[in-house]
Amino acid sequence: MTSSMTEILILAAIALFVLSRLYVALGRNDGDTPAPVRTRRPAESADTGNVSELPTAQRRPVFTGPAAGGLEDIYNADETFNTRDFTSGAKAAYKMIVDAFARGDREALRPLLDDDVYEAWDNAIAQREADGVAPFDLLRLKKTEIEDASLEDGIARVSVRYEAELSDTERTKSAKEIWTFKRTIASNDPNWVLDDVETAV
C-alpha cells in the first residue's frame, strides 16, 4: 500500500468520525422525528393591545384607592360598570345639575335628583327667586375624583369629590363638595341619580 493511499484512508476515517459526532450532537430529522416548532410566548403576541382576546381573568379591572372595595363589589354585581365611564358621566352630571339649578330649571333637575335632594333644591330655588338673589354659574370644574363606593341591598352608591369655581354677577367662589350618586343595580335604567350633597373639607 502506497503512502498516498494510506493518507486517503486516514483522512476518510477522520471525516467519518467527525460526521458521526455531528449526527449524535445534532440529532436527525428523517421523517420519524418531527422538526422542532417554535411557538410564540404571550409577550411576543402580534396584537398585545386586543383585550378581548385575553382570558376573562386578565380583563378584570383593578381598583385602587380608598373606594376600591366598594367599586369591586359594584363591578361584581354589574360587569358593565367601569370607573372611566362613571367619572366622565359624573363630570357631565355636575355641569348639567349646577347649570339647571342656576337657571331654576326644575324640569331639567327632576330626573337627575333623588326625591329628598330635589325637594331641598326646589325650596332653595324658590327662596333665591323670592329674595331676588343672583345665582352662581359654573366657571370651571377643577377636580372630579371618586371618594367612596358601596353596594348594599342591591343599591350602588358612589361618592365623588368635586372642586369647582363658581361666579355670580359680582364675585367668584370656590366650591368643594362631595356628591353621592346611586343606582339600583337590577334596574334596566343605566342612569345614576344624585342622592346626597355635603360640603368637603
For a salt bridge (charged side-chain N to carboxylate O under 4.0 Å, His left out) check, start with the C-alpha distance between R183 and D78, then their side-chain angles and the critical distance, and finish with the verdict. CA-CA 11 Å; R183 175 179 174 266; D78 176 10; 3.3 Å; yes
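- Smallest separation of non-hydrogen atoms from A149 and A67: N-CB, 3.8 Å.
- For the pair L151 and A156, the tightest heavy-atom approach, listed with the atom from each and the gap, is CD1-N, 3.8 Å.
- Here the closest heavy-atom approach between residue Y75 and residue F81 is recorded as CD1-O, 3.5 Å.
- Taking all atoms of both residues into account, the shortest heavy-atom contact from M96 to L112 is CE-CD1, 4.1 Å.
- Between T180 atom OG1 and D195 atom CG the span is 6.5 Å, to the nearest 0.5 Å.
- The local environment of NZ in K142 is crowded, with over 12 non-hydrogen atoms from other residues, nucleotides or ligands closer than 6.0 Å.
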Between D115 and R110, does the side-chain contact (heavy atoms from CB on, under 4.5 Å) criterion hold? Intermediate values first, please. CA-CA 8 Å; D115 292 343; R110 190 65 194 92; 2.6 Å; yes
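- Ring geometry, F86 versus W192: the interplanar angle exceeds 60°, so the pair is classed perpendicular (tilted spans 30 to 60°).
- Put simply, CG on D168 and NZ on K173 are 8.5 Å apart, with the number rounded to the nearest 0.5 Å.
- Side-chain contact between V98 and L166: present, with at least one pair of heavy atoms (C-beta onward) separated by less than 4.5 Å.
- Checked for salt-bridge contact, R140 and E165 meet the test: a charged N lies under 4.0 Å from a carboxylate O.
- Note that CG of D105 is 12.0 Å distant from CD1 of I97, once rounded to the nearest 0.5 Å.
- For the atom pair I185 CD1 and D153 CG, the distance stands at 12.5 Å (nearest 0.5 Å).
- Taken to the nearest 0.5 Å, the CG atom of L113 stands 9.0 Å off from the CZ atom of F181.
- A164 approaches L141 most closely through the heavy-atom pair CB-CD1, 4.1 Å.
- Under the 4.5 Å side-chain heavy-atom criterion for Ile, Leu, Val, Met, Phe, Trp and Tyr, L138 and L194 are members of the same hydrophobic cluster.
- Around atom CD of E177, more than 12 heavy atoms belonging to other residues, nucleotides or ligands sit under 6.0 Å away.
- By the 4.5 Å heavy-atom criterion applied to side chains, V201 and K176 are not counted as neighbours.
- Here the straight-line distance linking atom CD1 of I125 with atom CZ of R106 works out to 5.0 Å at 0.5 Å rounding.
- Annotation: cation-pi pair R128/F101 present, NZ/CZ under 6.0 Å from the ring centroid and within 45° of its normal.
- Taking Y162 as the reference, Y94, W179 meet the ring pair (Phe, Tyr, Trp, His ring centres under 6.0 Å) condition, with sequence neighbours excluded.
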